[in-house]
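The next block holds one structure in the form of structure tokens; read it before the comments.
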2 protein chains.
Amino acid sequence: MITKIAQESDISNNNYCGTGPGIFQTLDKEQVQLVHTSRFEVDFKAGETIIKQGSALTHVIYLVNGKAKVLLEDSSNQDILLQILQQPDVIIGPGFNKDFRHYCSVVAIEDTKACFVDVNIFKNFVETNSQFALDLIVLLNSGYIKLYDKLKSLTNKHMNGRLADTLLYLSDDIYKNLEFETTLSRLDIANMSSMTKESVIRTLKNFKEDGIIDTQGDSFRILKKDVLLDISKKG
Amino acid sequence: MITKIAQESDISNNNYCGTGPGIFQTLDKEQVQLVHTSRFEVDFKAGETIIKQGSALTHVIYLVNGKAKVLLEDSSNQDILLQILQQPDVIIGPGFNKDFRHYCSVVAIEDTKACFVDVNIFKNFVETNSQFALDLIVLLNSGYIKLYDKLKSLTNKHMNGRLADTLLYLSDDIYKNLEFETTLSRLDIANMSSMTKESVIRTLKNFKEDGIIDTQGDSFRILKKDVLLDISKKG
DNA sequence: ATTTCATAATGACATATATCAATATATTTT
DNA sequence: AAAATATATTGATATATGTCATTATGAAAT
């Protein structure tokens with residue numbers, strides 16, 4: 001049985017440099033077959049590293065299930081948590097066709113099944129399928145726009161605004177619910193928001209006292225999304 | 001007479017999402033001719049806006065001479081100055097083939113001549129020339145890597161480190177000299193370094209007192225690059 | 001059940017950085 | 001040359017945020 005690579009409904013706005021699987025839609029039968037014969041799956045436990053920054057980019061990876069965090073590691077400083085990946089996100093990475101190195105690490109935050117496709121096969125699709133190339137460019141561009149937003153959030157906003165952005169991102173884009181339970185630690189949330197874990201805890205407490213959110217351990221509930229949006233806007 | 005679009009030696013590492021002109025190298029004669037018949041040049045005075053964020057992306061633009069700053073504008077907050085563009089940089093922008101809007105503004109910081117190429121012609125090259133498409137992807141990826149570095153600099157480093165990064169960028173990548181005179185204001189430098197202009201002035205003064213740099217108005221001279229690199233590293 | 005360990009929470013304090021107001025210096029306009 | 005305007009500089013002060021030490025809580029291991 002051939003597993004579907006992606007469905008119409010799977011198209012994701014979320015991507016690590018790379019892309020959601022819309023990219024696979026334009027492949028012809030033969031190309032799809034090529035992916036299926038060469039690909040292999042790997043199971044990762046929560047906490048395990050799927051991609052290590054600096055390592056060779058040999059495969060394009062897409063997530064079958066589970067969730068992973070994308071980290072910009074920075075030797076002496078704290079990591080920057082760029083985004084959360086989940087099915088149907090595809091991981092391409094900016095080293096693609098450049099120096100074939102990884103510029104981020106990707107670490108499972110839940111038990112995660114990932115599917116590996118030889119990067120040369122992927123490259124071949126770009127060369128032989130112009131719609132595939134255009135789609136890839138669009139998805140790279142989408143990632144750019146998101147990075148711009150991240151840059152704006154992290155450099156122009158104060159802690160309240162940055163944490164609001166993180167909470168809204170988790171609620172809107174990742175868990176798709178006003179109420180969610182996360183496997184992210186307070187440190188992860190801090191690294192997403194460019195704060196210390198202590199500041200995350202304090203700011204969450206403030207939000208809680210103001211009735212904007214409710215938290216209990218790893219459970220979050222957004223009570224006043226409008227206020228959160230307002231905090232995000234005001235910075 | 002047909003002006004050369006780009007020379008071998010012109011290949012730039014600097015790009016606004018888009019790319020240096022290495023991208024034009026793989027065009028065949030016919031394609032080059034197509035660019036030349038459709039393109040037009042515009043002269044901008046220092047301070048004039050070449051591209052306004054939010055406007056329609058109708059042309060790919062490359063700089064013939066002069067310099068321009070790329071700004072991420074953010075209604076209420078201060079602008080983020082992402083990078084400086086100069087010949088032979090090409091401006092494509094992440095709205096390309098997506099929503100055809102501009103996500104940054106580009107403003108001349110010197111008198112600047114820019115050349116406009118219809119974006120549909122550019123798109124056609126991506127569709128009909130797979131090497132062109134691959135080159136574009138590589139250049140988009142290069143931009144990604146630079147944005148990652150920018151993100152690391154702005155979010156993980158303190159003022160000293162951020163300003164050191166800005167000074168090294170201007171010296172190494174833009175003016176290509178330890179001594180340079182810039183048309184950037186202190187506010188521009190502040191927007192590049194995510195600081196206030198007052199903090200820029202104070203930090204420059206400190207650097208000067210420590211004999212790391214010398215400044216006189218718009219003239220800068222880096223006296224101890226090793227120390228500046230060290231400050232950049234330490235954050 | 002008890003110990004061990006990781007994570008979370010709190011408080012006191014230090015520090016980086018912004019803000020505001022005032023003045024100085026250029027640069028342009030009249 | 002004088003006035004007007006933009007930019008640069010400085011100082012005093014406020015504020016946001018990080019650091020460090022301590023305790024609490026919960027999960028995993030024995």
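Here is how names work: the chains are called A, B, and so on, in the same order as the sequence lines, proteins then strands, and each is numbered from 1.
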Write down the distance between CD (B:E209) and P (D:dT9), rounded to a whole number of angstrom. 13 Å
Which nucleotide, D:dA12, C:dT7, C:dT10, lies nearest any side-chain atom of B:R202? D:dA12
Proximity to the side chain of B:E198 - top-ranked nucleotide from D:dT19, D:dA16, C:dT19: C:dT19
Sequence neighbours left out, cut at 3.5 Å: what donor-acceptor pairs do the side chains of residues 210-223 of chain A make with other protein atoms?
{"from": "A:T215", "atom 1": "OG1", "to": "A:K208", "atom 2": "NZ", "distance (Å)": "3.3"}
{"from": "A:R221", "atom 1": "NH2", "to": "A:E179", "atom 2": "OE1", "distance (Å)": "3.4"}
{"from": "A:R221", "atom 1": "NH2", "to": "A:E179", "atom 2": "OE2", "distance (Å)": "3.3"}

Check every atom of D:dA8, C:dT19, C:dT10 against the side chain of A:K205 and return the nucleotide holding the closest atom. C:dT10
Which pairs of donor and acceptor atoms, one on a side chain in residues 196-204 of chain A, lie under 3.5 Å apart (sequence neighbours left out)?
{"from": "A:T196", "atom 1": "OG1", "to": "A:S199", "atom 2": "N", "distance (Å)": "3.3"}
{"from": "A:T196", "atom 1": "OG1", "to": "A:S199", "atom 2": "OG", "distance (Å)": "3.1"}
{"from": "A:T203", "atom 1": "OG1", "to": "A:S199", "atom 2": "O", "distance (Å)": "2.7"}

Output a table of donor-acceptor pairs, distance under 3.5 Å, between side-chain atoms of residues 110-118 of chain B and any protein atom two or more places apart or on a different chain; print 'none' if there are none.
{"from": "B:D111", "atom 1": "OD1", "to": "B:A46", "atom 2": "N", "distance (Å)": "3.0"}
{"from": "B:T112", "atom 1": "OG1", "to": "B:K67", "atom 2": "N", "distance (Å)": "3.1"}
{"from": "B:T112", "atom 1": "OG1", "to": "B:K67", "atom 2": "O", "distance (Å)": "3.1"}
{"from": "B:T112", "atom 1": "OG1", "to": "B:E110", "atom 2": "O", "distance (Å)": "2.8"}
{"from": "B:K113", "atom 1": "NZ", "to": "B:D43", "atom 2": "OD1", "distance (Å)": "3.2"}
{"from": "B:D118", "atom 1": "OD1", "to": "B:N120", "atom 2": "N", "distance (Å)": "2.7"}
{"from": "B:D118", "atom 1": "OD1", "to": "B:N120", "atom 2": "ND2", "distance (Å)": "3.3"}

Do the ring planes of B:F122 and B:F96 sit parallel (below 30°), tilted (30 to 60°) or perpendicular (above 60°)? perpendicular
Using whole Å, report how far CG of B:L163 lies from P of C:dA16. 16 Å
Measure the distance from NZ on A:K157 to P on D:dT17 and round it to the nearest whole Å. 13 Å
Whole-Å distance, B:L204 CG to D:dT10 P, equals 11 Å
Note down the inter-axis angle between the two ends of the helix from C:dA1-D:dT30 to C:dT30-D:dA1, five pairs each, to the nearest 10°. 40°
Please report the distance, rounded to the nearest Å, between CD1 in B:I201 and P in C:dT23. 17 Å
Between D:dG18, C:dA8, D:dA16, spot the one nearest the side chain of A:H158, thanks. D:dA16
Are A:Y144 and B:Y103 an aromatic pair, judged by ring center distance below 6.0 Å? no
Would you indicate, yes or no, if C:dT17 has its OP1 or OP2 atom less than 4.0 angstrom from a side-chain nitrogen or oxygen of B:S199? no
Pair listing, side-chain hydrogen bond (donor to acceptor under 3.5 Å, both in side chains) test, anchored in residues 222-235 of chain A, at least two apart: A:K157-A:S232, A:D165-A:S232, A:D172-A:K225, A:D230-A:K234
Is the phosphate of D:dT17, meaning OP1 or OP2, less than 4.0 Å from a side-chain N or O of A:R162? yes
Tell me: CG of A:N206 to P of D:dT17, nearest whole Å? 12 Å
Rounded to whole Å, how long is the line connecting atom CZ of B:R186 with atom C1' of C:dT27? 15 Å
B:S185 vs D:dT7: side-chain N/O to OP1/OP2 distance below 4.0 Å: no
Could you state the CG-P distance from A:L187 to C:dA6, rounded to the nearest angstrom? 14 Å
Residues that B:F207 engages under ring-ring contact (aromatic ring centres under 6.0 Å, His included), provided they are two or more places apart: none
